[in-house]
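Taking it in order: structure first as structure tokens, then the write-up.
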Amino acid sequence: MAKYNNFKKLTADFYLNPDVIEVAQLLLGKVIIKKDSQTTRYARVVETEAYAGAEDRASHAFQNKRTARTETMFEKGGTAYVYLCYGMHYLLNVVTNKRDIPHAVLIRAIEPLFDTSISSTKSKRKTGSGPALVTKYLGIDMNHNRKSFLSSDLFIADDLFIPQNISSSPRIGVDYAGEAAQWPYRFFITGHPHITPSPYNQ
DNA sequence: GCGCCGATTTGCT
DNA sequence: GCAAATCGGCGCG
């Protein structure tokens, strides 16, 4: 299974990129690898959203707002930002840029790889097709907040997969963010079956 | 197939 | 008190 793929773990440089928009696009097609004592899970990233820090009203860290929750976003690039959404869902972000610049990329959808236990029923929503479903599949919760993506049990790798086409759209669920709500900071592999349901998918 | 609604906790006003 | 980077279930037709 996985051993037939040539996974190359992303290094610190990738995460320190000062252009969070570019990182959001570059993460498409990469593979998240998550290990615990029971299982190892592999997931292809197929949808992301960029959150551009102090100037981005949709970001938790708008105007460099620091709270117990947002403090993780000010860590250096390559840190995992996990937070509880709507009181019940964990959402996974990849912090980017250098320390004290709160850029982050939300992982909105993944495609599980090498997982034979997933049923292929057509009527259901696909596994990993939504930011809360990403963490549910990978088994990520608040214990993973502030963890490094340079560690051996949680990291992202390049297996030379290249997305055919990338589309963009406004971000989902940020209508409160004024002008920033229109910014085309959501990116997805065009036509991929695991992207989240949205009128923008077309 | 679509739209409404509840769940449940955090962080602001 | 209320809205939030959401999801699944239910009712409708």
Side-chain angles (χ1 to χ4, degrees), chain A residues 15 20-25 27-28 32 43 45-75 77 79-97 101-112 118-147 149 156 167-189 192-202:
Chain A
Y15 301 103
V20 67
I21 307 302
E22 182 177 49
V23 179
Q25 294 170 299
L27 279 171
L28 292 177
I32 302 177
V45 178
V46 301
E47 178 179 339
T48 60
E49 279 177 1
Y51 284 85
E55 302 81 39
D56 183 355
R57 197 164 169 186
S59 171
H60 293 159
F62 178 53
Q63 295 176 329
N64 286 320
K65 180 170 52 184
R66 284 178 186 260
T67 66
R69 180 175 68 165
T70 68
E71 197 57 37
T72 306
M73 299 184 82
F74 294 85
E75 288 283 351
T79 302
Y81 170 44
V82 182
Y83 79 97
L84 185 62
C85 184
Y86 293 99
M88 57 174 69
H89 302 301
Y90 302 109
L91 270 58
L92 173 66
N93 295 254
V94 178
V95 175
T96 70
N97 213 324
I101 299 184
H103 288 177
V105 176
L106 171 67
I107 307 299
R108 280 196 59 86
I110 53 93
E111 173 195 6
I118 293 175
S119 63
S120 57
T121 31
K122 272 197 167 177
S123 51
K124 276 192 310 202
R125 189 164 170 174
K126 301 227 178 296
T127 304
S129 181
L133 300 177
V134 168
T135 55
K136 185 181 174 191
Y137 178 72
L138 292 172
I140 286 172
D141 57 27
M142 291 311 289
N143 290 321
H144 304 278
N145 185 39
R146 223 160 176 158
K147 200 170 159 54
F149 280 109
I156 304 177
S167 300
S168 67
S169 85
R171 291 169 291 184
I172 308 294
V174 297
D175 296 340
Y176 58 88
E179 190 181 305
Q182 308 304 320
W183 297 351
Y185 283 7
R186 171 177 176 247
F187 302 98
F188 53 97
I189 298 178
H192 195 284
H194 282 249
I195 60 178
T196 58
S198 159
Y200 298 118
N201 294 351
Q202 194 267 110

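None of these values were measured; they are calculated from a predicted model. Chain identifiers are assigned alphabetically (A, B, ...) following the order of the sequence lines, protein sequences preceding nucleic acid strands; residue numbering begins at 1 within each chain. Every heavy atom of this structure was used, including side-chain atoms; hydrogens, water molecules and symmetry mates were not.
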Check: Which whole-number value in Å describes the distance from A:His194 NE2 to C:dC7 P?
Finding: 14 Å
Notebook entry, point to check: So, do A:Ile156 and A:Tyr15 sit near enough that their side-chain heavy atoms are less than 4.5 Å apart?
Noted result: yes
Notebook entry, point to check: Which is true for A:Leu84 with a 4.0 Å heavy-atom rule: it touches a base, it touches only sugar-phosphate, or it touches nothing?
Noted result: sugar-phosphate
Checklist line | Nucleotide nearest A:Arg69 (side chain, heavy atoms from C-beta), chosen from B:dG11, C:dT6, C:dA5 | finding: B:dG11
Item checked: Atom-to-atom span, CG of A:Asn93 to C1' of C:dT6 - whole angstrom -> 14 Å
Next item on the list: Could you check whether the rings of A:Tyr185 and A:Trp183 sit parallel, tilted or perpendicular, using 30° and 60° as the cut-offs?
Entry: tilted
Checklist line | Candidates C:dT6, B:dC12, B:dA7 - which lies nearest the side chain of A:Met88 | finding: B:dA7
Checklist line | Atom-pair distance (OH on A:Tyr81; C1' on C:dA5), nearest Å | finding: 9 Å
Check: Is the closest side-chain heavy-atom distance between A:Arg108 and A:Arg171 below 4.5 Å?
Finding: no
Margin query: Which is more 5' along DNA chain C, the nucleotide nearest A:Leu133 or the one nearest A:Gly173? Just name the residue.
Written below: A:Gly173
Check: Within the structure shown, what part of the strands sits under 4.0 Å from A:Ala58 by heavy-atom distance: base, sugar-phosphate, or nothing?
Finding: base
Checklist line | A:Glu47/A:Arg186 ion pair, N-O < 4.0 Å | finding: yes
Note to self: What I'd like to find out is whether the side chain of A:Tyr81 reaches to under 4.5 Å of the side chain of A:Arg69, using heavy atoms alone.
What the structure shows: yes
Checklist line | A:Lys136 or A:Asp175, whichever maps to the more 5' nucleotide of DNA chain C | finding: A:Asp175
Next item on the list: For residues A:Ser167 and A:Tyr200, determine if any side-chain heavy atom of one lies less than 4.5 Å from a side-chain heavy atom of the other.
Entry: no
Check: Starting at CZ of A:Phe62 and ending at C1' of C:dA4, how long is that distance when rounded to a whole Å?
Finding: 16 Å
Next item on the list: Find the distance A:Glu71:CD to B:dG11:C1' and express it as a whole number of Å.
Entry: 15 Å
Notebook entry, point to check: Is B:dG1 paired to anything, Watson-Crick or G-U wobble with both distances less than 3.5 Å, and if yes, which nucleotide?
Noted result: C:dC12
Check: Looking only at atom C1', what distance separates C:dG8 and B:dT10, rounded to whole Å?
Finding: 22 Å
Margin query: Please report the distance, rounded to the nearest Å, between NE2 in A:His89 and C1' in B:dG6.
Written below: 11 Å
Notebook entry, point to check: To the nearest angstrom, how far is A:Tyr90 atom OH from C:dC7 atom C1'?
Noted result: 15 Å
Check: Just how far, in rounded Å, is C1' of B:dC12 from CZ of A:Arg66?
Finding: 18 Å
Check: Who is the Watson-Crick or G-U wobble partner of B:dT8, with both distances under 3.5 Å?
Finding: none
Next item on the list: Report the nucleotide, chosen from C:dT6, C:dG8, C:dA5, that has the shortest atom-to-atom distance to any side-chain atom of A:Arg125.
Entry: C:dG8
Item checked: A:Arg108 side chain, from C-beta outward: closest of C:dC7, B:dG11, C:dT6 -> C:dT6
Next item on the list: Could you check whether A:Tyr176 and the base of C:dA3 form a stacked pair, meaning centres closer than 5.5 Å and planes differing by less than 30°?
Entry: no
Note to self: With rounding to the closest Å, how many angstrom separate the P atoms on B:dC2 and C:dA5?
What the structure shows: 25 Å
